[in-house]
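Input: a single structure, listed below in C-alpha cells.
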Amino acid sequence: MAKNEMINPVAIRLLNQQLVAPQFSDPAEVVSYMGAMQAQEYRMMRWAVEMRTRKPSAKTFKKAFDSGRIIRLHLMRGTWQLVSAEDYWPFITLCGPKSIAVTKGWMSSNKISIPDDELFRVRDILAQTAADKGSVTKEDIVQALEERGLQMDDHRLSYHIRMAEFTGTLCSGDLLPMKATYALTANKVKSQGAIDRDEALMRFTRKYFQSRQPATLEDFVWWSGLNVSDCRKGIALLGDSIHVEKWKGREFYLTDDCRTRGFRKGKFLLIPPYDEYLIGYKSRDIVLPPEHRHHAHNNSGIFQPVIAYDGTICGNWSPFKDDCQATFFSETCAKDITEAWQSYMNYRKK
C-alpha cells in the first residue's frame, strides 16, 4: 500500500459521504452505499438519508422504508441502524453474535437474567404477533404478552425485542410519524442461502471505507463494533483496492475509486443528530474542533443537530421548528443559512 500525504480530508469526506454533489436519487441506494447508518433518532434518520440524495423527499423515504428496501434494527454496538434489504442477512450473520454478547453483558450489569425457556417463549409470541398484525408497536406486543399471562417492565421487554432482532426474527415495520413498529422479518426481507462470513466481512468493510473515507483503522473498529482482528482482516480482504495515506502523522485508508472532485466552497449543511458524518468516526477532530465538541455530543453519547460550513462543524440548529433557528459557536461561519433551511423544509413537504 503506497503512503502519500493526503490533501483536504474534509472535502474528501463530504464527497464520499454524499453530502455534497450526491450521486443517488433513491434513498435505498444511499443506505446500501453507506452499508449501515445510525438511526437512533426516529424522526431525523429520514433526513440523514434524504440529504444524501439529489432531490430529498420525506415521502420517497417512507415508500422505500414501508416496502422493506430499507430496514431499521438494532445491529452494531447495540444501537439502531438502517441497512438495505440486500445487506440485511449478511450483516446479521456478521454482527449478530457480537451484538448478542454485548447485550448479555449489559443485562448482567443491570442484574437482569433471562432464562432460555423465557427467551424462546417470548420470541415465539413476538413472531406470532407480528405475523398476525403485519406491523406492530411495542404496545401491541405488551398486550399480546399480557393475553398470555406474561407481564414485564419495559427494560426487560426491550432486551427480548433486541434479541429477536439480532437473530433475524423481527425487523422494522411500517414507518409511523413518531413511533417505531416491528414486522416479522420473514415477511419483510427475502431469505438468503448460506452466507460466507469472510464475504460478509469484505462487503461490510468495503462499504464502510467507500462511504466514509478517509478513515483510520481505529475509526472502523469504533464504528463496526467488531474485534480489531476482524477489522484488520476485512481490510486485508480488500487487497489492492484500498491504500494508506498520511495526514498529520496518522494513517488513513482510502479506496482506489475515492471521490476527490465535485467539492464547492460556501455550502452549509444542516446535519441531524447521530449522523454518520460524526458518529462514523473516532477521529472527529478532522471536522469538529475539539474545543467545540461539547456542542455536538456529550460524553454519554448523546448527539445534537449541528451545522457544517464547508464541512467544519460550526453551530447548532432546531430541526422540529417551523422557522429557521440556528446558533453559531464559530464567528467565521455565522452567515445566512436560508438556502440550507429551505432545502430541509422542501424535504419535509415532499
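Counting begins at 1 with the first residue of the sequence.
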* To do: Please collect all salt bridge (Lys or Arg N to Asp or Glu O under 4.0 Å) contacts where either partner lies in residues 185-198, sequence neighbours excluded, each pair once.
  => Asp174-Lys188, Arg197-Asp230, Asp198-Lys233

* NZ/Lys98 to CG/Leu226 distance, rounded to the nearest 0.5 angstrom? -> 6.5 Å

* Asked: Is atom CZ of Arg123 surrounded by more than 12 heavy atoms (other residues, nucleotides or ligands) closer than 6.0 Å?
  -> yes

* Gly134 backbone acceptor or donor facing Asn187 side chain under 3.5 Å -> no

* To do: State whether Arg52 and Asp275 are salt-bridged, where the test is any N-O pair (Lys NZ or Arg NE/NH1/NH2 against Asp/Glu carboxylate O) under 4.0 Å.
  => yes

* Between Tyr281 and Ile286, is a side-chain contact (heavy atoms from CB on, under 4.5 Å) present by the stated rule, with each step listed? -> CA-CA 10 Å; Tyr281 309 92; Ile286 290 177; over 6 Å; no

* Asked: Just wondering, more than 12 heavy atoms not from Lys63 lying within 6.0 Å of its NZ?
  -> no

* So is Arg348 actually on top of Trp47's ring, under 6.0 Å and inside 45° of the axis? -> no

* **Glu339 atom CD, over 12 foreign heavy atoms within 6.0 Å** => no

* Asked: Looking only at atom types and distance, does a side-chain atom of Asn298 sit under 3.5 Å from a main-chain N or O of Gly301, one as donor and one as acceptor?
  -> yes

* Asp285 bridged to Arg250 by N-O distance under 4.0 Å -> yes

* Quick one: does Phe209's side chain get under 4.5 Å of Asn16's, heavy atoms only? -> no

* Asked: Sub-3.5 Å donor-acceptor pair from the side chain of Asp66 to the main-chain atoms of Leu175, do we have one?
  -> yes

* **Side-chain heavy-atom pair Thr103, His74 within 4.5 angstrom cut-off** => no

* Should the pair Tyr309 and Phe268 be assigned to parallel (<30°), tilted (30 to 60°) or perpendicular (>60°) ring geometry? -> tilted

* On the 0 to 90° scale, with breaks at 30° and 60°, tag the Trp223-Phe220 ring pair as parallel, tilted or perpendicular. => parallel

* **Exam field: side chain Asp219 to backbone Thr216, donor-acceptor pair closer than 3.5 Å** => yes

* Considering only NZ, NE, NH1 and NH2 on the basic side and carboxylate oxygens on the acidic side, decide whether Arg156 and Glu118 come within less than 4.0 Å. => yes

* **Pi-cation contact, Phe65 with Arg46 (under 6.0 Å, within 45°)** => no

* Asked: Can you hop from Val20 to Val306 via hydrophobic side chains spaced under 4.5 Å?
  -> yes

* Can you list the steps and then say if Tyr344 with Trp317 is a side-chain contact (heavy atoms from CB on, under 4.5 Å)? -> CA-CA 12 Å; Tyr344 172 67; Trp317 66 294; 3.7 Å; yes

